[in-house]
Each structure stands twice: as structure tokens, then as C-alpha cells.
Amino acid sequence: MRETAFPGDLPRILLDWYDIHAREMPWRTGPADREAGVLPDPYRVWLSEIMLQQTTVVTVRDYFARFVARWPTVADLAAAEDAEVMGEWAGLGYYARARNLLKCARAVVERHGGNFPADHDSLLALPGIGPYTAAAVSSIAFDLQRTVLDGNVERVMARLHDIHTPLPAAKPELMARAKELTPAHRPGDYAQAVMDLGATICTPRSPACGICPWRDPCAARAEGTAPLLPKKTPKKPKPVRHGTVYLAQRTDGAWLLETRPEKGLLGGMLGWPGSDWLDVSEDRPAGIPPVTADWQVAAGEVRHTFTHFHLVLAIRIARVGMDAEPARGQFVSRSEFRPSDLPTVMRKAFDLSQAALTAGL
DNA sequence: GAGGCGTGGAA
DNA sequence: TTTCCAAGCCT
């Protein structure tokens with residue numbers, strides 16, 4: 001590691017940068033509040049941190065605004081219906097987060113009287129809160145000296161110290177380096193400052209080292225290795241899976257939908273009944289139609305990529321009478337059906353079916 | 001430790 | 001078009 005003249009100055013240098021460059025976000029307090037030591041609402045900090053897991057700030061903004069408008073407090077959220085919350089989360093992805101969000105809200109009401117605990121261990125015991133989120137809530141909402149280690153901090157530390165050990169093996173060392181720097185003063189602002197630095201300056205590709213407040217002490221900057229760090233173990237290629245979904249509309253306009261099982265892919269979300277999704281290229285799986293009908297094959301197919309596989313989905317459409325008795329799912333009335341309640345892959349299937357009907361299949 | 005778990009934007 | 005990846009957690 002390159003020696004720095006005043007390593008103890010690094011947190012102060014970054015906080016000075018943050019005071020000027022902090023991005024405005026609905027879950028943050030403004031500069032005046034920060035100056036006065038006013039802390040943000042723990043509920044809003046927690047909600048934003050859950051939404052921000054593996055998700056960009058741009059994407060989270062609108063979801064966060066809708067959630068806090070509909071459920072202003074953790075008690076309001078705890079009292080919500082499961083389907084309401086899953087529908088509001090639809091499109092944001094990683095739906096286990098939404099299931100755990102509700103579990104967590106209810107646990108905060110039951111275990112802690114509706115107030116988020118400040119200490120790391122109590123937070124860690126709540127559903128959906130892991131080491132990162134526990135540290136983030138402790139430091140940002142309660143001003144406790146905890147160290148956050150997210151993808152940004154990992155990248156910044158790997159570069160600052162020119163660490164070439166690949167992730168995830170490098171995590172313990174990166175955490176140790178991050179801990180050394182975490183200040184007792186304004187730890188929450190410092191945590192957000194490192195993450196802002198990683199998101200705007202110390203970016204994965206083409207880092208803007210020339211305008212980085214830490215460019216002088218940065219070892220990777222000196223070695224010219226910044227864009228190569230952190231190193232990561234290569235990931236496996238994604239297989240292609242195939243399947244079929246069935247979209248049935250009743251005479252009164254109601255759609256045949258099902259709530260998916262709690263566990264697994266798209267767990268707890270609304271979706272169209274259909275086949276399993278299999279790794280076969282010939283003989284596309286058709287499964288068994290959920291209701292007897294004159295099924296029509298819609299032109300085209302839905303293509304969608306999940307975390308670990310590509311999906312190609314065939315669509316079949318039918319009109320059914322009021323006497324239809326489906327073997328799976330239940331009819332959702334026209335007035336209650338909102339395409340925005342569907343996870344994206346299911347919304348794509350709906351969009352394709354509408355286009356196919358408009359074009360005469 | 002490694003794999004499951006979404007989505008949309010950038011390069 | 002394909003790949004990479006964004007403020008991770010759970011099993």
C-alpha cells in the first residue's frame with residue numbers, strides 16, 4: 001500500500017466532499033438538517049435500504065414515493081394486506097424483499113412497539129435485514145459507528161488499497177480496511193459519502209479519478225489499476241428455458257390469474273397459469289391448460305432474462321363463458337385487474353396478448 | 001461457499 | 001445482441 005501523509009484525514013476529506021456533492025434523495029435529510037444533527041426517519045431509511053438492494057437509485061425513487069404516500073409509518077405498512085404490498089412492489093424485482101418487508105414491519109410492531117431498534121444485533125434479527133442493512137440503519141438513522149460494506153465500499157476499498165484478491169474471498173480484508181476508516185463523528189453521513197463516491201466517481205467502469213477527493217492517497221490510482229478492480233470470480237453462462245402461459249378472459253372481462261407459491265421465483269406474486277419452465281429447445285413445454293377452452297396460439301413470444309437464466313415464453317389466449325370452472329387460479333374482475341400489479345415477465349405476456357388480439361392473433 | 005433470486009440501463 | 005451490473009439476503 002502506498003503511504004499517505006495523513007491517513008487520519010481521509011474521512012474528513014470525504015465528508016467535506018459530501019457536504020458539497022451529496023445527492024438529494026427523498027429518504028435523506030437536507031443540508032440544514034444535517035448541520036443541525038437532525039437524523040432521518042428510521043422507517044424511511046430502512047425502506048429505502050431494502051429497495052436499494054441490487055437496485056439503482058433512479059429505479060427506487062418512484063417506488064419509495066408511492067410506498068411512503070400509501071403507508072407513512074411502519075405501523076401502517078404492518079397493517080397492510082399482503083396482496084396490496086406485493087402489487088405495489090411489482091416491477092421492482094427480487095420479490096423476497098417484499099415478502100420480508102411485510103414480515104419485518106410486523107415484527108417491528110410486535111417486538112419493538114413500532115419503533116425500529118438502533119442496535120446492530122436487534123436489526124440483524126429482523127427478516128430481510130443482513131449485515132449491510134443493519135449497519136446502514138444503525139449508522140444513518142441512529143448515528144452509531146457501524147461500518148457498511150456494500151458493492152460501492154468494496155470497490156472503493158479495493159482501489160484505495162490496490163487489493164487484487166478476487167471477490168468474494170476479499171470481503172474480510174475489505175471490511176477490515178473499511179472499519180479502519182469509519183469515523184466516530186457523523187458515521188451515517190460518512191457511510192453515505194463512501195457509497196455516493198462509489199456511485200458517482202469511483203464507478204465500475206471509467207472511474208473519474210481526476211476529480212476524486214481521494215485521488216492522492218489512492219494506491220490503484222498510482223498503479224493505474226483502478227479500472228481493473230475489484231477482481232471478481234467469473235460467473236456461469238445463463239441457460240435458456242422455455243415455457244407456456246395461458247391467458248383466459250371471461251365474458252364479463254375477468255382474467256384468470258393465480259398467486260404463485262411463497263417460495264421460489266416470483267414467489268407470492270400474481271401470474272398467469274402455465275407450464276413449468278424447462279431447459280429444452282425442442283418440444284416447448286405446453287403444460288396443461290388451467291381451464292377447458294378453445295385455446296389460440298398468440299403470434300410472437302415473450303423473451304425475458306432473470307438472474308440465472310433466459311426465458312422464452314409462448315402465449316395462448318382463450319375466451320371462456322361465465323360457467324367456466326378453472327382447475328387452477330381464480331378470476332380477477334376487470335375493475336380489480338391492474339397490469340402494474342404483475343411482475344414484469346407476466347406483464348410482458350399480457351402486453352403481447354393484447355397486441356396479438358389487436359392484430360387478430 | 002455457492003447458487004437462487006428481477007429488472008432496466010449502459011456500453 | 002450480449003454482457004455487465006446496482007446501496008444484498010437467504011439457504
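Labels below follow one simple rule: chain letters A, B, ... track the order of the sequence lines, proteins then strands, and each chain is numbered from 1.
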Task: Nearest-angstrom distance, P atom, dG8(B) to dC9(C) - done: 23 Å
Open item on the list: Quick check on contacts: within residues 189-203 of chain A, what sits under 4.0 Å from DNA chain C by heavy-atom distance?
Closed with: M195(A), D196(A)
TODO: Would you mind reading off the distance between K238(A) atom NZ and dC4(C) atom C1', rounded to a whole angstrom?
DONE: 9 Å
Open item on the list: Going by ring-ring contact (aromatic ring centres under 6.0 Å, His included), name the pairs with one or both residues in residues 9-28 of chain A, residues two or more places apart or in two chains.
Closed with: W17(A)-H21(A), W27(A)-F64(A)
In a table with atom names and distances, give each donor-acceptor pair under 3.5 Å that connects a side chain of residues 287-298 of chain A to protein atoms at least two apart or in another chain.
from	atom 1	to	atom 2	distance (Å)
D294(A)	OD1	Q296(A)	NE2	3.2
D294(A)	OD2	Q296(A)	NE2	3.2
W295(A)	NE1	V291(A)	O	3.0

Open item on the list: Heavy-atom nearest nucleotide on DNA chain C for H310(A) versus K232(A): which residue maps closer to 5'?
Closed with: H310(A)
Task: Separation between the P atoms of dG3(B) and dC4(C), rounded to whole Å - done: 16 Å
- [ ] Using a 4.0 Å heavy-atom cut-off across all strands, classify M25(A) as base, sugar-phosphate, or nothing.
- [x] base
TODO: Would you mind listing every salt bridge (charged side-chain N to carboxylate O under 4.0 Å, His left out) that reaches into residues 154-172 of chain A, with sequence neighbours excluded?
DONE: E154(A)-K171(A)
TODO: Calculate the interatomic distance between K263(A) atom NZ and dT11(C) atom P; express it in whole Å.
DONE: 6 Å
TODO: Could you note down all residue pairs passing ring-ring contact (aromatic ring centres under 6.0 Å, His included) where residues 103-149 of chain A supplies at least one of them, sequence neighbours left out?
DONE: W46(A)-F116(A)
- [ ] Send over the distance from K236(A) NZ to dG1(B) C1', rounded to a whole Å.
- [x] 12 Å
TODO: Answer yes or no: does a side-chain N or O of K235(A) lie under 4.0 Å from OP1 or OP2 of dC5(C)?
DONE: yes
Open item on the list: In this structure, how many angstroms lie between the P atom of dA6(C) and the CD atom of E49(A), rounded?
Closed with: 16 Å
- [ ] In plain terms, say whether R347(A) and D351(A) are close enough for a salt bridge, that is, a side-chain N and a carboxylate O under 4.0 Å apart.
- [x] yes
Scan the side chains in residues 353-361 of chain A for donor-acceptor partners under 3.5 Å anywhere in the protein, sequence neighbours excluded, and list what turns up.
from	atom 1	to	atom 2	distance (Å)
S353(A)	OG	F350(A)	O	2.7
T358(A)	OG1	Q354(A)	O	2.8

Task: Partner set under salt bridge (charged side-chain N to carboxylate O under 4.0 Å, His left out) for D341(A), not counting sequence neighbours - done: R338(A)
Task: Neighbours of DNA chain C within residues 121-137 of chain A, by heavy-atom distance under 4.0 Å - done: P127(A), G128(A), I129(A), G130(A), P131(A), Y132(A), T133(A)
TODO: List the steps and the verdict of side-chain contact (heavy atoms from CB on, under 4.5 Å) for W272(A) and L256(A).
DONE: CA-CA 7 Å; W272(A) 307 108; L256(A) 182 58; 6.0 Å; no
Open item on the list: Applying salt bridge (charged side-chain N to carboxylate O under 4.0 Å, His left out) as the test, list every pair that has at least one member in residues 28-57 of chain A; sequence neighbours left out.
Closed with: R28(A)-D196(A)
TODO: Send over the distance from R23(A) CZ to dA6(C) C1', rounded to a whole Å.
DONE: 11 Å
Task: Qualifying salt bridge (charged side-chain N to carboxylate O under 4.0 Å, His left out) pairs, either residue in residues 235-256 of chain A, two or more places apart - done: R241(A)-D279(A), R250(A)-D252(A)
Taking distance alone, no hydrogens or angles, what donor-acceptor pairs closer than 3.5 Å link side-chain atoms of residues 318-330 of chain A to residues at least two apart or in another chain?
from	atom 1	to	atom 2	distance (Å)
R319(A)	NH1	Q249(A)	OE1	2.7
R328(A)	NE	E258(A)	OE1	3.3
R328(A)	NH1	G274(A)	O	2.9
R328(A)	NH2	E258(A)	OE1	3.3
R328(A)	NH2	E258(A)	OE2	2.8

Task: Sugar-phosphate only, base, or nothing, as touched by R28(A) at under 4.0 Å among non-hydrogen atoms - done: base
TODO: Produce a footprint string for nucleotides 5-11 of chain B: one letter per nucleotide, 5' end first; B if the base is under 4.0 Å from any protein heavy atom, S if only the sugar-phosphate is, - if neither.
DONE: BBBS---
Open item on the list: Without decimals, in angstroms, what is the distance between L101(A) CG and dG8(C) P?
Closed with: 16 Å
Open item on the list: Tell me whether R66(A) forms a cation-pi arrangement with Y63(A), defined as NZ or CZ under 6.0 Å from the six-membered ring centre and within 45 degrees of its axis.
Closed with: yes
